[in-house]
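To keep things clear, I will list the structure first and then write my remarks on it.
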Amino acid sequence: MLNRRLFSSSTKAAADYYKITLKRSVIGLPEETRAATKTLGLFRLHQTTYKPVNAGTAGLILKLKELVKVELIDHIPTKEELSANKPARGYTVIGRKI
């Protein structure tokens with residue numbers, strides 16, 4: 001008899017969202033490919049969208065597999081979390097040689 005491991009409700013078996021970033025341009029590509037990028041909400045290079053993990057989204061990602069970068073994440077980050085990851089603007093003087 002096979003023992004199957006049952007996951008409790010507190011343990012997640014898979015990620016909840018795809019983090020999809022457009023890395024290549026769609027200029028000169030067929031209309032079907034450009035429509036798939038618009039369906040995912042990608043309009044500019046290096047733009048990122050978050051979509052739920054499901055079969056429809058996975059099919060669109062497979063159409064665009066050469067154009068996008070995909071990561072699996074557990075939750076969509078808030079604006080505060082995104083701004084906390086950015087480095088401080090400008091520069092600081094550490095020491096002087098003169």
Side-chain angles (χ1 to χ4, degrees):
M1 181 175 271
L2 295 172
N3 286 334
R4 293 189 180 191
R5 183 174 180 183
L6 299 175
F7 292 102
S8 67
S9 61
S10 63
T11 306
K12 296 205 177 204
D16 292 334
Y17 295 96
Y18 291 121
K19 178 182 176 183
I20 308 165
T21 305
L22 185 63
K23 289 294 183 180
R24 302 280 309 249
S25 176
V26 294
I27 295 174
L29 294 178
E31 185 64 35
E32 182 179 307
T33 305
R34 285 185 271 162
T37 58
K38 288 182 181 180
T39 303
L40 287 175
L42 299 169
F43 299 99
R44 293 183 298 275
L45 285 179
H46 307 293
Q47 182 181 7
T48 300
T49 60
Y50 300 92
K51 298 291 179 182
V53 173
N54 59 33
T57 307
L60 288 171
I61 290 170
L62 282 175
K63 281 186 179 181
L64 305 171
K65 63 185 174 226
E66 295 89 6
L67 307 175
V68 296
K69 176 184 173 189
V70 180
E71 299 174 36
L72 293 171
I73 58 172
D74 293 331
H75 71 285
I76 298 175
T78 62
K79 287 187 177 185
E80 290 80 22
E81 291 173 347
L82 290 174
S83 63
N85 293 337
K86 289 185 180 180
R89 295 187 69 186
Y91 63 92
T92 57
V93 177
I94 296 173
R96 297 188 71 153
K97 296 269 183 174
I98 301 177

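Numbering of residues begins at 1 and proceeds along the displayed sequence.
- Of all the heavy atoms in Gln47 and Gly41, the pair that sits closest is NE2-O, 3.4 Å.
- Taken to the nearest 0.5 Å, the OG1 atom of Thr37 stands 9.5 Å off from the CG atom of Leu60.
- Under the 4.5 Å side-chain criterion, counting only non-hydrogen atoms from C-beta, Thr57 is in contact with Ile20.
- Side-chain contact between Tyr18 and Leu72 is present, with at least one heavy-atom pair separated by less than 4.5 Å.
- Residues His75 and Tyr17 share a closest heavy-atom pair of CA-CD1, 4.1 Å.
- Residue-environment remark: CD (Glu32) stays at or below the threshold of 12 foreign heavy atoms within 6.0 Å.
- At least one side-chain heavy atom of Thr48 sits less than 4.5 Å from a side-chain heavy atom of Lys19.
- Taking NZ of Lys23 as the start and CD of Glu66 as the end, the distance is 16.0 Å to the nearest 0.5 Å.
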Evaluate the criterion side chain to side chain contact (heavy atoms under 4.5 Å, CB included) for residue pair Asp16 and Val53; output intermediate values, then yes/no. CA-CA 6 Å; Asp16 292 334; Val53 173; 5.8 Å; no

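- Between Leu40 atom CG and Tyr50 atom OH the span is 14.5 Å, to the nearest 0.5 Å.
- Taken from CG in Leu67 to CG in Leu45, the straight-line distance is 10.0 Å, to the nearest 0.5 Å.
- Rounding to the nearest 0.5 Å places NE2 of His46 at 11.0 Å from CZ of Arg24.
- In this structure, CD in Glu81 is found 11.0 Å from CD1 in Ile76, a value given to the nearest 0.5 Å.
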